[in-house]
Protein chains: 2
Amino acid sequence: MANKQTFLGEFEHIVMLTVLSLGDDAYGVTVRQQLRDIIGREVAIGALYATTERLEKKGLLTSTKSGASAQRGGKAKRYFKVTSQGIAELERTKQNLEKLWGLQAVSQTI
Amino acid sequence: MANKQTFLGEFEHIVMLTVLSLGDDAYGVTVRQQLRDIIGREVAIGALYATTERLEKKGLLTSTKSGASAQRGGKAKRYFKVTSQGIAELERTKQNLEKLWGLQAVSQTI
DNA sequence: GAATAATATCTACATAATAGATATTTACGG
DNA sequence: CCGTAAATATCTATTATGTAGATATTATTC
């Protein structure tokens, strides 16, 4: 097992999908809201930033600060965007899961 | 965020699917082989047992020792089986991912 | 009975996920 | 303008997951 392989963790995975789904409006609060709306999952805001930071380090996500344009105040939003490398990674992850789901005994069961 | 939610981690997820796919023949070596064959992923045997043990603690998997029936020796195999709770969990996980994948911007991209 | 094959178990460490408290910035009402 | 509230990000600490590989156990063959 010489060369390290890396994979999207499960939370990383859904955060990336959520960011992607939000297009130009993906920042901490909206990502959190979207996760709650779509899959009913409550995430701590800290969890989110920790994860996006890791994803940035891996080159799967980028972030840019908006100029201060908040409705009622607040720090400048940090907008996230999935990189093309990130998209490739998502695609690979999805294909692998689909392969596993497609196996006989599995598709009969779940 | 009072009550703790738990989710299948990414490795847990694929291990469960693999065990399921192997039916009555799921033990350390075959699970490892299947993962290599289907998605080209090399896993350390220790990683596998650590994970199955955790899944057992959560009630998503059970294991039973075979009588010693190995071809050429070796310790008795430990056969794994996904519990019905495990199946429910897999189903939930799959549905959530499918929801996210189905979102407009996502399905246009990956 | 020594070498080898098939398997599981153990130990230690690295990475990912979670929780929630705290800090920063701006707008609104008086 | 000042205090309060709102919107957001950042920080700190802890727990849960994932990874690696060495070691132990059991049986077979020669």
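Within every chain, numbering begins at 1; the chains are lettered A, B, ... in the order of the sequence lines, protein sequences first and strands thereafter.
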Task: Distance-only polar pair, side chains of B:Thr62 and B:Glu56, donor-acceptor under 3.5 Å - done: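 Short answer, no.
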
Open item on the list: Regarding A:Gln85 and A:Glu89, do their side chains bring together a donor and an acceptor under 3.5 Å, going by distance alone?
Closed with: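 The answer is no; no qualifying pair exists.
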
- [ ] Select from A:Glu12 and B:Tyr49 the residue whose nearest nucleotide in DNA chain C is closer to the 5' end of that strand.
- [x]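 Taking each residue's closest nucleotide, the earlier one in sequence belongs to B:Tyr49.
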
Open item on the list: Can you tell whether the side chains of B:Arg41 and B:Glu10 come within less than 4.0 Å, N to carboxylate O?
Closed with: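 Yes, this pair counts.
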
Between [N] ([atom2]) and [X] ([atom1]): distance, integer Å:
{"X": "A:Phe11", "N": "C:dT18", "atom1": "CZ", "atom2": "C1'", "value": "9 Å"}
{"X": "A:Arg32", "N": "C:dA17", "atom1": "CZ", "atom2": "C1'", "value": "15 Å"}
{"X": "A:Glu42", "N": "C:dA19", "atom1": "CD", "atom2": "C1'", "value": "13 Å"}
{"X": "A:His13", "N": "C:dA16", "atom1": "NE2", "atom2": "P", "value": "15 Å"}
{"X": "A:Arg54", "N": "C:dT18", "atom1": "CZ", "atom2": "C1'", "value": "10 Å"}
{"X": "A:Ile45", "N": "D:dT12", "atom1": "CD1", "atom2": "C1'", "value": "16 Å"}
{"X": "A:Lys77", "N": "D:dT10", "atom1": "NZ", "atom2": "C1'", "value": "18 Å"}
{"X": "B:Leu48", "N": "C:dA6", "atom1": "CG", "atom2": "P", "value": "18 Å"}

Indicate whether OP1 or OP2 belonging to [N] is found under 4.0 Å from a side-chain N or O atom of [X].
{"X": "A:Lys75", "N": "D:dA7", "answer": "no"}
{"X": "B:Arg41", "N": "D:dG18", "answer": "no"}
{"X": "A:Tyr27", "N": "D:dT8", "answer": "yes"}
{"X": "A:Arg78", "N": "C:dT24", "answer": "no"}
{"X": "A:Lys65", "N": "D:dT10", "answer": "yes"}
{"X": "A:Lys58", "N": "C:dA16", "answer": "yes"}

TODO: State which of D:dG18, D:dA20, C:dA8 makes the closest approach to the side chain of B:Glu10.
DONE: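 Closest nucleotide among those given: D:dG18.
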
Task: A:Val29 or A:Phe7, whichever maps to the more 5' nucleotide of DNA chain D - done: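 Of the two residues, A:Val29 wins.
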
Open item on the list: So B:Gly46, base contact, sugar-phosphate only, or nothing? Heavy-atom distance under 4.0 Å.
Closed with: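 Base contact.
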
- [ ] Compare every heavy atom of B:Val19 with every heavy atom of B:Ala26, then report the nearest pair and how far apart it is.
- [x]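 Heavy-atom minimum between the residues: CB-O, 3.8 Å.
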
- [ ] Have a look at B:Ser63 and tell me which of B:Lys77, B:Lys81, B:Arg78, B:Glu53 forms a side chain to side chain donor-acceptor pair (under 3.5 Å) with it.
- [x]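 Only one of B:Lys77, B:Lys81, B:Arg78, B:Glu53 forms a side chain to side chain donor-acceptor pair (under 3.5 Å) with B:Ser63, namely B:Arg78.
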
